[in-house]
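This report refers to the structure that appears directly beneath it.
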Amino acid sequence: GLDIDPRSDRVHRFNMSAAANSSAYWRIAGMSYLKYSNMCGEVVRASLKEPFFSKAKAREAVYMKTSKFVAGKPSPPVITEVIPVGGVVK
Amino acid sequence: SWTRPPRARRNAPRRDEEPSWLRFEGRRGPNGGRAREAVKPSTMDNPSTPSAFMKPLPEVPATPPAKLTLNFYVPHNIEFDGAEVDQVQVPATSGDMGVLPGHVPTVVQMRPGVVAVTLNDKEVQKYFVSSGFAFVHADSTTDICAVEAVPVEQLDAEAVKKGLADYQAKLVNAKDDYEKASAQIGIEVCGAMNSALGN
């Protein structure tokens with residue numbers, strides 16, 4: 001299956017200039033805005049009161065199912081979790 | 001009586017050389033002469049551009065409207081959809097910003113903070129927003145898009161204080177830039193939640 005590191009945006013770095021960088025601290029550390037924004041969301045979800053906290057857990061997981069076609073037939077799908085249920089920020 | 005045939009245009013090709021589909025546009029070029037363009041008759045329509053499918057932009061009113069039209073969306077929920085409100089306060093990265101009807105069109109990036117919606121002179125609804133963007137359009141339609149927006153009442157003060165302490169400890173023990181940034185994000189958001197709860 002696919003090998004996705006939840007922190008995979010560290011691997012693909014486009015246009016990371018360290019010299020005279022006046023960007024935000026997360027950009028300098030190599031995070032994209034999406035990563036930053038989703039991490040902020042996780043921190044907020046982790047601080048909710050009880051009924052809302054459990055409902056929010058369901059929102060956190062991001063996964064994909066891949067199914068390779070071999071000789072014209074789909075093989076059983078492989079589920080890859082991009083962001084596990086507990087979130088990445090731990 | 002015999003009339004002379006029309007005088008041939010300058011640079012006109014001879015009849016047998018000119019392809020049958022070649023037509024002359026007759027527009028005057030920049031130097032006043034005639035510009036010739038070959039236009040092949042086409043069996044296809046001209047391609048449509050995206051603007052052909054768009055609704056026309058809303059009219060910008062001459063005087064600011066009485067109320068702001070607010071659209072406040074998160075990916076999993078619609079908090080406000082076309083609601084008429086008096087004012088919205090938005091926590092932008094460049095500082096807190098109040099939006100009244102007639103505000104100059106703006107796009108701002110929001111930091112973790114509180115969006116306060118003033119519904120009608122008395123009711124103020126506060127939402128803690130994790131981050132996102134706010135757009136104010138020329139016709140006083142305000143769009144606020146966030147990843148997480150929770151009413152401040154749904155935040156757990158104990159969990160916030162514990163989270164703040166945890167992330168501060170993680171910052172001290174961070175091994176590389178990425179972990180340091182993750183801890184800083186936690187501190188930033190928990191600190192903002194703390195202030196939102198009044199601590």
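Each chain gets a letter, A, B and so on, in the order the sequences are listed, and its residues count up from 1. This structure is a prediction, so every number in the text was calculated from the model and none was measured.
When the candidates B:Ala159, B:Ser131, B:Gly163, B:Ala183 are compared by the number of heavy-atom contacts under 4.5 Å with chain A, B:Ser131 comes out ahead. Across B:Val150, B:Ile185, B:Asp166, B:Thr93, the residue that shares the most heavy-atom pairs under 4.5 angstrom with chain A is B:Ile185. Contact count against chain A (heavy-atom pairs under 4.5 Å) is highest for B:Ser130 among B:Pro75, B:Ser130, B:Pro112.
Salt-bridge annotation for B:Asp176 and B:Lys180: absent, with no side-chain N of the basic residue lying under 4.0 Å from a carboxylate O of the acidic one. A salt bridge links B:Asp96 with B:Arg111: the distance from a Lys NZ or Arg NE/NH1/NH2 to an Asp or Glu carboxylate oxygen falls below 4.0 Å. Salt bridge absent: B:Glu179 and B:Lys170 never bring a charged side-chain N and a carboxylate O closer than 4.0 Å.
Contact annotation for B:Glu188: only side-chain heavy atoms (C-beta onward) come within less than 4.5 Å of a heavy atom of chain A.
Taking the six-membered ring where the residue is Trp, A:Tyr36 and A:Tyr33 present tilted rings, their angle falling between 30° and 60°.
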